[in-house]
Amino acid sequence: MTGPDLLPSLQPSLQPSLLTHLLRQGDRALVLAQRLGQVITHAPELEEDMAIANISLDLIGQARHLYTYAGEVEGLGHDENHFAYWRSAEEFLNPQLVEQPNGDFAVTIVRQFFHDAYALHYWESMEASSDATLAALAARARKETAFHLRHSQGWVVRLGDGTDESHRRAQLAIDSLWRFTSDLASIPDETELHDSGVVPDSEVGERWRDTVVAALADATLDIPASTSTSTGTSTGAGTDMASSGWQGHHSSHLGPLLEELQALTRAHPGAEW
Amino acid sequence: MEAQDRFDAIIAADERIEADDWMPDDYRSTLIRQVAQHAHSEIIGMQPEGEWIPRAPSLRRKAILTAKVQDEAGHGLYLYGATETLGVERADLLDLLHSRKQKYSSIFNYPALTWADVGAIGWLVDGAAITNQVPLCRCSYGPYGRAMVRVCKEESFHQRQGFQIMLTLAEGTDEQKAMAQGALDRWWWPSIMMFGPPDTESVHNARNMAWGIKRYTNDELRQNFVDMTIPQAELLGLTMPDPDLRWNEERGHYDYGEPDWEEFMQMVRGEGEMPAQRIRVRKSAHDDGAWVREAAEAYAQKHEAAA
């Protein structure tokens with residue numbers, strides 16, 4: 001077997017960490033898209049079926065770009081479908097938040113809001129990436145994500161400040177998902193990528209927190225008293241890497257999600273679809 | 001001129017009746033029934049395909065299928081919009097669907113058992129739908145005709161993607177070919193029954209033709225669909241599940257066998273587990289979403305009052 005066929009534009013020492021970064025972000029987008037794909041036809045109204053399908057579609061598109069680029073960076077001839085269909089749960093590097101089950105509409109929307117607030121700040125920062133491919137992708141993904149955040153944040157505010165029942169459900173969703181937000185604060189082992197300007201901003205977590213604090217105040221919802229998550233009091237320094245999805249540690253929900261996603265493809269190795 | 005005369009003159013001139021024109025009660029209620037049934041079919045039709053979104057075998061197929069199901073929700077919305085111009089609300093029509101007082105196309109009472117069924121639904125069911133719907137673009141009721149123009153454009157894209165799925169399977173592994181053949185065997189007869197009972201048995205044909213709501217009879221549309229589809233099946237190299245199917249030189253059309261109309265009537269009556277499941281899924285989405293819709297309304301009222 002020959003070694004990987006490295007991209008000429010890429011500094012060889014950055015190759016492993018860039019590949020990991022692309023898989024983390026691609027997995028984040030794909031796993032959330034998969035969760036949303038399960039909601040389509042079950043939304044509270046037709047307009048929401050359409051909006052959720054649309055967001056899912058954007059996330060699939062982002063994942064496809066990230067995986068395709070990951071294949072080029074890896075240099076082993078793998079395509080987008082390899083990364084989506086032929087890796088196991090331990091190899092997935094998404095934050096645990098996005099693999100959490102859909103629950104009721106409050107859980108779906110709060111999960112989406114926590115995610116979108118992260119994703120928007122991530123893509124905004126990535127527009128300044130020294131990596132031209134990522135910077136170009138970021139320009140498009142930022143616009144899409146701004147719409148996603150407007151949608152999910154709009155719903156968080158309406159649910160929080162709607163009826164007693166919607167307020168109660170929204171608060172429950174926040175309380176139950178809060179511990180999974182520690183992953184969004186930062187990805188601590190990407191120092192090389194920060195230093196080289198590939199991932200220029202290491203303060204996405206702080207901006208994430210500002211957006212969340214402001215929106216929840218608007219929604220008359222409370223931020224849980226800091227318990228198991230580090231995000232409540234610090235931004236990143238205390239993130240527990242032993243439980244981070246970015247490192248391949250997952251809840252029990254990822255396995256079944258991937259089984260559904262991958263079963264048909266894996267039953268027919270080598271087939272074209 | 002009397003209102004009825006004016007209506008008759010518009011129909012005779014093959015022009016459009018618009019929302020604020022006078023129309024006979026029967027014309028209005030026939031349209032409400034037909035457009036609502038069409039809207040219901042779009043949203044129930046999201047289910048058999050929607051079930052395959054999480055299982056789509058490649059990211060490209062997942063994206064295309066998601067977009068297709070999204071289009072169907074959009075078609076449902078335009079069509080419910082068209083019924084609103086006839087004086088009925090979407091919420092009331094949904095209640096009639098959920099209580100099974102209004103119908104949807106019984107084709108969606110068949111399950112999508114394999115990935116090839118997703119292809120067959122696009123190729124055959126959307127193909128039959130287009131055959132039915134292209135003439136509806138000229139429907140005498142303006143808002144419905146115009147909604148159909150947009151629906152038909154998107155449906156023809158859906159039909160092509162369904163055919164593409166079938167073609168890829170038919171050119172694939174032996175297992176994939178068998179999957180494609182199985183789906184064709186399951187969906188062929190139900191799709192030709194989508195045009196409704198034979199002309200000799202159809203209750204509404206004559207009056208709806210006179211009103212310019214319908215332009216061709218059930219059997220004419222069915223024949224068009226058969227003639228269009230057989231060459232496509234030949235291209236796929238699949239075998240049609242009808243031993244009576246052959247080209248009739250004299251007629252210039254394909255002859256085909258007699259569908260099982262008893263099965264059709266069972267499906268129309270909504271007997272069996274699948275119709276119950278389709279309504280259960282729809283109704284639980286609606287019922288589970290009630291608190292969300294109430295919250296949105298409460299929020300809007302609060303902030304309207306404050307403004």
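Note on naming: letters A, B, ... go to the chains in the order of the sequence lines (proteins, then strands), and numbering restarts at 1 for each one. This structure is a prediction, so every number in the text was calculated from the model and none was measured.
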Heavy-atom pairs under 4.5 Å with chain A, option from G119(B), S284(B), A63(B) with the top count: A63(B)
Ring-face cation contact, F92(A) with R87(A), 6.0 Å cut, 45° max: yes
Engaged part of A84(A) at the chain B interface, taking heavy atoms whose separation is under 4.5 Å: side chain
Which of Q47(B), H286(B), E294(B), R60(B) touches chain A most, by non-hydrogen pairs under 4.5 Å: R60(B)
Part of L169(B) lying under 4.5 Å from any heavy atom of chain A: side chain
Most chain B-contacting option - heavy-atom pairs closer than 4.5 Å, from E80(A), M50(A), H42(A), E165(A): M50(A)
Polar contact flag, side-chain donor to acceptor under 3.5 angstrom, S156(B)-Q159(B): no
D116(A) and R150(A) ion-paired at < 4.0 Å: no
Residue D164(A) versus chain B: region with a heavy atom under 4.5 Å: neither
Atom group of L77(B) that falls short of 4.5 Å from chain A, counting heavy atoms: both
More than 12 heavy atoms of other groups within 6.0 Å of R266(A) CZ: yes
Per-residue contact mode, V69(B) against chain A (heavy atom under 4.5 angstrom): side chain
Pairs of heavy atoms under 4.5 Å with chain A: top-ranked of I53(B), L94(B), L59(B): L59(B)
Between L264(A), D161(A), N81(A), T265(A), the one whose heavy-atom pairs under 4.5 Å with chain B are most numerous: D161(A)
H167(A)-Y299(B) aromatic ring centre distance below 6.0 Å: no
Other residues, nucleotides, ligands: >12 heavy atoms within 6.0 Å of Y85(A) OH: yes
Toward chain A, the part of Q70(B) with a non-hydrogen atom under 4.5 Å: both
Side chain / backbone / both / neither for L30(A) at chain B, heavy atoms under 4.5 Å: side chain
Parallel, tilted or perpendicular: ring planes of H21(A) versus Y122(A), cut at 30 and 60 degrees: tilted
Residues R90(B) and E47(A) bridged, charged N to O under 4.0 Å: yes
L46(A) portion near chain B, given a 4.5 angstrom heavy-atom threshold: both
Parallel, tilted or perpendicular: rings of W155(A) and F105(A) (30°, 60°): perpendicular
Residues, nucleotides or ligands: over 12 heavy atoms within 6.0 Å of K283(B) NZ: no
Atom group of M166(B) that falls short of 4.5 Å from chain A, counting heavy atoms: neither
Proximal component of L261(A), with respect to chain B [non-hydrogen, under 4.5 Å]: both
Side chain / backbone / both / neither for R55(B) at chain A, heavy atoms under 4.5 Å: both
